[in-house]
Amino acid sequence: MRVGKFITLEGGEGVGKTTSLNFIQAYLKAQGVDLLVTREPGGTPFAEKIRNVLLEPCTEKVAVDTELLLMFASRAQHLAELIKPAIKIGQWVLCSRFTDSTYAYQGGGRGVAFERIRALEQWVHDDFQPDLTLYFDLPVEVGMARARARGELDRIEQENLAFFERVRQAYLQRAKESSRYRIIDASQSIEQVQEQIASIFNETSLLGFC
């Protein structure tokens with residue numbers, strides 16, 4: 001039986017996940033939560049090596065299936081070595097991106113059939129799912145402008161606007177289909193975004209706070 005909680009942050013490029021993750025980390029720790037913060041792809045030393053392979057720009061065209069399988073290879077290591085053990089001993093895990101990103105980027109963006117992703121999902125983490133997913137929504141043009149302002153783009157960030165629009169639509173569709181999703185309007189100010197987050201965590205029955 002699961003003891004801890006698993007919370008994921010999702011969204012396209014430039015939506016402010018890192019800033020929001022820092023806010024949530026401080027918020028949960030103030031509630032006395034024993035919290036572990038991690039990310040995908042990556043999260044463990046070996047999974048971080050896979051992340052570097054996935055995101056480093058290269059001249060060779062990376063096959064869609066290669067990208068998809070590497071994402072799940074990193075996730076399998078992450079789940080086995082960090083996420084599941086932490087939750088089992090009662091820690092809460094806050095993770096920037098998880099399998100919803102694969103549905104959005106490799107499914108929506110690359111056009112991989114959701115059925116193929118679902119088969120890998122079932123293989124790698126069976127019925128294990130986040131308790132709560134915060135999706136930060138932002139118009140693609142705004143998000144990419146923010147991402148470019150940060151500096152050099154990684155291999156996936158270098159895709160065109162049409163790719164990221166498909167990613168956004170895939171996220172929005174998943175949000176409609178799952179009760180664990182909460183949508184955050186990331187076009188607002190940092191203070192307003194944080195108010196939205198705090199409101200979600202203040203829901204009476206959410207995650208057993210009360």
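Throughout, numbering of the chain's residues begins at 1 and tracks the sequence.
The pair R155-E56 does not meet the salt-bridge criterion, since no charged nitrogen lies less than 4.0 angstrom from a carboxylate oxygen. Residues R116 and D65 are paired through a salt bridge, judged by an N-O separation under 4.0 Å between the basic side chain and the carboxylate. Using a 4.0 Å cut-off between charged side-chain N and carboxylate O, R39 and E48 make a salt bridge.
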From CA spacing to verdict: side chain to side chain contact (heavy atoms under 4.5 Å, CB included), V64, Q106: CA-CA 8 Å; V64 173; Q106 284 69 52; 5.6 Å; no

Verdict with supporting geometry, L134 and I24, side chain to side chain contact (heavy atoms under 4.5 Å, CB included): CA-CA 11 Å; L134 301 181; I24 295 168; 3.6 Å; yes

Derivation of the side chain to side chain contact (heavy atoms under 4.5 Å, CB included) call for L28 and I7: CA-CA 11 Å; L28 291 178; I7 304 169; 4.0 Å; yes

I190/Q194 under side chain to side chain contact (heavy atoms under 4.5 Å, CB included): CA gap, chis, key distance, verdict: CA-CA 6 Å; I190 292 175; Q194 291 176 351; 3.5 Å; yes

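Residues T8 and D131 fail the side-chain proximity criterion, which asks for heavy atoms closer than 4.5 Å. Contact annotation: the side chain of K5 never approaches that of I87 to less than 4.5 Å [non-hydrogen atoms, C-beta and beyond]. When side chains are defined from C-beta on, M71 does not count as touching T66, because their heavy atoms never get closer than 4.5 Å. For the pair D127 and Q122, the minimum side-chain heavy-atom distance is below 4.5 Å.
Within the 3.5 Å criterion, the main-chain N or O of F128 finds no donor-acceptor partner in the side chain of D126. Formation of a donor-acceptor pair under 3.5 Å by the T133 side chain with backbone atoms of R180 is not found in this model. Formation of a donor-acceptor pair under 3.5 Å by the R146 side chain with backbone atoms of G14 is found in this model. Here the side chain of D137 pairs no donor or acceptor atom with the backbone of D185 at under 3.5 angstrom. Side chain of S74 to main chain of L70: no donor-acceptor pair is present (N/O by atom type, distance under 3.5 Å, no hydrogens or angles).
Ring centroid separation for the pair Y171 and Y181 does not come in under the 6.0 Å cut-off. Ring centers of H125 and F98: under 6.0 Å apart, within the cut-off.
Smallest separation of non-hydrogen atoms from V193 and S20: CG1-OG, 3.7 Å. Contact detail for Y135 and L172: the closest heavy-atom pair is CE2-CD2, 3.7 Å. In terms of heavy-atom proximity, I183 sits nearest to A175 at CD1-CB, 3.9 Å. Contact between V93 and I83 at its shortest, heavy atoms only, is CG2-O, 4.1 Å. The minimum heavy-atom distance between A80 and P85, with the atom names listed, is O-CG, 3.3 Å. Between E13 and M144, the shortest heavy-atom distance links the atoms CB-SD, 3.7 Å.
One hydrophobic cluster, built from ILVMFWY side chains closer than 4.5 Å, holds both L68 and W123. V62 and F72 fall into different hydrophobic clusters, where Ile, Leu, Val, Met, Phe, Trp and Tyr side chains are chained together by heavy-atom contacts under 4.5 Å.
Rounding to the nearest 0.5 Å gives a distance of 12.0 Å between OH of Y103 and CD of E10. Interatomic distance, T38 OG1 to L94 CG, rounded to the nearest 0.5 Å: 9.5 Å. Of the inter-residue distances, the one linking Y105 atom OH with E67 atom CD reads 11.0 Å to the nearest 0.5 angstrom. Distance check, rounded to the nearest 0.5 Å: SG of C95 to CG of L36 gives 9.0 Å. If you take CZ on F114 and CZ on R174, they are separated by 7.0 Å, rounding to the nearest 0.5 Å. Separating the CG atom in L79 from the OG1 atom in T44 is a distance of 10.5 Å, to the nearest 0.5 Å.
In summary, the side chains of Q169 and Q173 do not present any donor paired with an acceptor at a separation below 3.5 Å, with no hydrogens or angles considered. Checking S189 against Q192 by side-chain atom types alone, a donor-acceptor pair falls below 3.5 Å. Side-chain contact of Y27 with N202: a donor-acceptor pair under 3.5 Å is present, judged by distance alone.
Paired with E40 under the rule salt bridge (Lys or Arg N to Asp or Glu O under 4.0 Å), one option of R97, R75, R51, K17 passes, and it is R75.
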